Every structure is written in C-alpha cells, then in structure tokens.
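This report refers to the structure that appears directly beneath it.
Please read these numbers as outputs of a predicted model, since none were measured by experiment. Computed from heavy atoms alone, side chains included, the values below leave out hydrogens, waters and symmetry copies.
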Amino acid sequence: MTADCGRTSDTMVPGAEEPDPKGPTSASASGVSPLPVRAQTSDTVVPGAEGRDTKGPTSASVSGVSPLPVRALHREAERARGWLESGVWRPDAADAEAAARVLARLTAPLPRRGAAWARARAVDRDRRLQRIWRSAVHHLDAGAVSPPAAALLAAVARAYVPWYGTPNPPPAAAAPRYPVPSGSAAPEGAAARGAATRDAADRPEAPPTDAGEALLPGLTDVFTALAAPAPPGTGGRHPAAVTWRTRYAGRFRHYGRPARHVWTADTFRCPGCSNADGPWTVVCDWRRVTLGCPCGLTTDRHGLTFSEVFLVLPDA
C-alpha cells in the first residue's frame with residue numbers, strides 16, 4: 001500500500017454517505033452539553049431529546065461529565081471557535097461544504113412517531129448519531145478539507161465512535177471495528193499499551209444516547225459558523241497546521257470495500273522489518289500521517305486513512 005493518509009480510494013469508510021435531509025428542525029435540545037453554546041453565533045434550533053426519555057437521565061445530564069471520549073472534541077471545538085471569531089480561519093469552499101453536510105446531520109429532525117413507537121424512537125435517536133459519525137468520517141477521509149477542519153472532523157468522529165456499528169452494523173465480518181476510548185485520556189504508559197481502549201463491538205451495553213445528543217447544541221454552534229458564507233470579496237485562509245505526536249502499541253488496519261456488503265482488511269506492517277504491533281511513533285499534521293517503527297524506519301506510505309489511524313488511538 002502506497003497511499004498517503006490524506007488520500008482514499010472510492011470506497012467509503014463504514015456506510016456510504018446518504019443524502020442529507022432537507023427542511024427545518026422541529027424540536028429543541030435538552031440535557032447538559034459538554035460544548036457550551038454561544039447564542040450569538042447561531043439561531044439554529046437543534047433537535048435533542050424530543051419527548052421524554054423513558055430510560056431516565058444519564059451521568060452526563062446529572063453530573064455534566066460525558067461518558068464519551070470528548071477531550072479532543074473540547075480542544076478542537078474551542079480552537080475552531082477562536083480562529084473563526086478572530087478571522088484567522090476563513091473557511092474555503094471545501095471546508096464550508098463539508099461543514100454544511102455535517103451540520104445537516106446535526107440538525108436532522110427525528111421522524112414523527114406516536115407514543116406506541118418507543119422502541120422505534122430509540123432506534124431513530126441512535127441512527128441520527130450514527131449518521132453524524134459516518135458524515136464526519138467520510139469528509140475526514142476524503143482529504144479535501146484544510147488541516148483545522150480535518151482535526152475538528154476527527155474529534156467529532158472520535159466522540160461518536162460508539163455509534164459506528166449502532167444501530168446498523170456493517171454487514172460483513174471484515175468490516176471496520178473500532179476501539180472505544182474510555183472517555184478520559186490515559187497516562188502515557190497506558191496509552192502505549194492500548195489499555196484505555198476496548199472494542200465497541202464487544203461492549204454489551206448500548207451507547208450513551210443522551211450524552212451523544214447533549215453534544216448537538218455546541219456542535220451545531222461550531223458547524224453553523226464554519227458553514228457560513230464568506231464575506232464578499234474575501235478568500236479562504238486557515239491557520240497553520242498543528243502537528244501532534246504520540247506513541248501507540250497495537251495494529252493499524254486498512255479497510256477496503258470492493259463490492260456492496262464486501263469488505264477487505266489488511267494489517268499494516270513495517271516495510272523494513274515486517275513488525276505489525278509497534279510501538280509506533282505517530283506524527284500527524286492533518287495533511288499526512290507518518291509511522292515510525294522501533295527498527296528506525298519512518299514512512300508515510302502505509303495506505304491508511306486518517307480515521308484508520310486516529311480512531312484507534314486513546315483520546316487525548
């Protein structure tokens with residue numbers, strides 16, 4: 001495999017983009033949002049938990065602490081807000097288009113159902129969050145957005161990774177399976193051992209739907225600003241890429257989708273020594289990702305997409 005991380009094939013990462021829904025939203029958000037809403041930025045009404053949740057409040061609504069991996073999301077959302085408000089970041093057409101697509105998912109209304117459809121309503125809520133995850137991953141891996149937009153999309157994808165297979169799992173054994181970070185950053189030693197992650201497909205409990213919906217108002221605020229038309233006579237510009245570096249002991253897998261319901265999975269191995277388990281030194285500037293092997297070889301010719309690297313790393 002010789003593709004850079006920012007380039008992908010024509011295959012989509014789990015679940016191809018569906019047409020974005022049209023029309024206004026119809027309900028207001030509830031719960032505690034880990035991403036504070038700035039009222040002056042957007043007048044958009046966000047659909048949160050329309051109707052009473054029969055399962056009761058989650059820890060997010062009681063304590064304000066989200067059970068989701070949102071540390072990177074907090075950082076990137078606040079960074080994006082500051083850049084947008086100061087004018088350091090003026091999104092170009094690619095950034096604005098991707099933001100508008102994700103925004104449509106964030107503000108999509110739930111189908112109207114009667115009281116007898118409680119179970120279907122629960123599925124509808126999770127399906128909306130799954131579509132947000134799919135949209136973020138799709139635009140992240142397409143490689144067309146700027147580095148700050150890629151960083152924000154990656155953080156959104158990480159926060160919503162519990163929904164990558166819920167409620168609609170990829171119908172193939174070789175389809176992607178992503179580890180779900182614990183929600184808080186692990187110390188460096190634990191991160192290197194991969195101790196802070198576990199496979200979402202092996203988790204018996206349902207994803208924390210209330211916590212996922214609690215993120216919607218703050219994310220809508222950010223993506224509304226990002227998707228806003230540029231002032232007349234101005235061109236796009238973005239701040240310098242923020243490079244990050246970490247170490248990871250584990251395997252990276254590249255997924256292909258040669259046909260409908262057919263997936264392939266290949267494990268990346270060091271081209272110098274065939275090591276597959278690291279520990280890897282991962283360096284990313286949101287244009288490309290380089291992987292450094294303990295044998296001393298460093299390469300960006302691994303064929304992995306951004307999501308295939310970022311979503312297996314612990315939240316930090």
Please verify the inter-ring angle class for Tyr255 with Trp263; under 30° counts as parallel, over 60° as perpendicular, anything in between as tilted.
perpendicular
Can you see which heavy atom on Ala151 is nearest to which on Glu76, and at what distance?
CB-OE1, 3.5 Å
Measure the acute angle between the ring planes of Phe252 and Trp280, then classify it against the limits of 30° and 60° as parallel, tilted or perpendicular.
tilted
Taking the side chain as every heavy atom from C-beta outward, state whether Pro148 and Arg79 have any pair of such atoms under 4.5 Å apart.
no
To check you understand the geometry: which heavy-atom pair defines the closest contact between Asp285 and Ala241, and what is its length?
O-CB, 3.4 Å
Minimum heavy-atom separation for Arg121 to Pro111, with atom names?
NH2-O, 3.1 Å
To the closest 0.5 Å, what do you measure between CZ (Arg237) and OG (Ser146)?
13.0 Å
To the nearest 0.5 Å, what is the distance between CD (Glu308) and CZ (Phe268)?
12.0 Å
Quick test of your reading of the model: are Asp266 and Arg253 salt-bridged, counting only N-O distances below 4.0 Å?
no
With sequence neighbours excluded, what pairs up with Ala230 under the side-chain contact (heavy atoms from CB on, under 4.5 Å) test?
Thr234
Counting N and O atoms only, with roles assigned by atom type, does the side chain of Arg158 sit under 3.5 Å from a partner on the main chain of Leu313, one being a donor and the other an acceptor?
yes
For Asp92, which residues count as a side-chain hydrogen bond (donor to acceptor under 3.5 Å, both in side chains) partner, sequence neighbours excluded?
none
Mind checking ring-ring contact (aromatic ring centres under 6.0 Å, His included) for Trp89 and listing every partner two or more places apart, or none if nothing turns up?
none
Side chain to side chain contact (heavy atoms under 4.5 Å, CB included) with Leu152: of Val102, Leu226, Asp95, Val145, only one passes, and it is Leu226
Any carboxylate oxygen within less than 4.0 angstrom of a Lys/Arg side-chain nitrogen, looking at Asp300 and Arg288?
yes
One pair to check against side chain to side chain contact (heavy atoms under 4.5 Å, CB included): Thr264 and Arg257. What are the steps and the verdict?
CA-CA 6 Å; Thr264 60; Arg257 195 178 182 185; over 6 Å; no
Under the criterion side chain to side chain contact (heavy atoms under 4.5 Å, CB included), I'd like the reasoning laid out for Arg105 against Arg128: C-alpha separation, chi angles, the key distance, then a yes or no.
CA-CA 7 Å; Arg105 295 303 193 194; Arg128 177 172 58 186; over 6 Å; no
Taking every heavy atom of Ala155 against every heavy atom of Phe310, the minimum-distance pair comes out as N-CE2, 4.1 Å
Output for pair (Ser135 OG, Leu153 CG), nearest 0.5 Å, gives 8.0 Å
When you compare the side chain of Val156 with that of Leu73, does any pair of heavy atoms fall below 4.5 Å?
yes
Restricting to side-chain contact (heavy atoms from CB on, under 4.5 Å), what partner residues turn up for Val283, sequence neighbours left out?
Thr243, Arg245, Thr281, Thr290
Between Arg90 and Gly87, the two heavy atoms sitting closest are CG-O, 4.0 Å
List for me each residue that meets side-chain contact (heavy atoms from CB on, under 4.5 Å) alongside Asp277, sequence neighbours excluded, and say none if there are none.
Arg251, Asn275
Backbone of Trp83 reached by a side-chain donor or acceptor of Ser86 within 3.5 Å:
yes
Roughly how far, to the nearest 0.5 Å, is the OG1 atom of Thr305 from the CG atom of Leu311?
8.0 Å
Sidechain-backbone polar pair: His254 side chain, Leu304 backbone, donor-acceptor under 3.5 Å
no
With rounding to the nearest 0.5 angstrom, report the CG to CG distance, Leu103 to Leu219.
10.0 Å
Quick one: do Leu297 and Val282 end up in the same hydrophobic cluster if we chain Ile, Leu, Val, Met, Phe, Trp and Tyr together by side-chain heavy atoms under 4.5 Å apart?
no
Main chain of Trp133, side chain of His138: is a donor-acceptor contact present, judged purely on distance under 3.5 Å?
no
Hey, what do you get for OG (Ser307) to CG (Leu140), rounding to the nearest 0.5 Å?
6.0 Å
Check: Tyr160 and Val137 side chains under 4.5 Å, non-hydrogen atoms:
no
Just jot down the side-chain contact (heavy atoms from CB on, under 4.5 Å) partners of Arg127, sequence neighbours excluded, or say none.
Val123, Asp124, Arg131, Pro167, Asn168
Smallest separation among heavy atoms of Thr267 and Ala276, with atom names:
CG2-CB, 4.0 Å
For Thr166 and Asp126, test the side chains for any donor-to-acceptor distance below 3.5 angstrom and give the result as yes or no.
no
Are the side chain of Arg269 and the backbone of Ser274 linked by a donor-acceptor contact shorter than 3.5 Å?
yes
Under a 4.5 Å cut-off applied to non-hydrogen side-chain atoms, are Cys284 and Phe306 in contact?
yes
Start with the C-alpha gap between Thr209 and Leu129, add the side-chain angles, then the distance that decides, and say whether side chain to side chain contact (heavy atoms under 4.5 Å, CB included) holds.
CA-CA 8 Å; Thr209 306; Leu129 301 181; 4.1 Å; yes
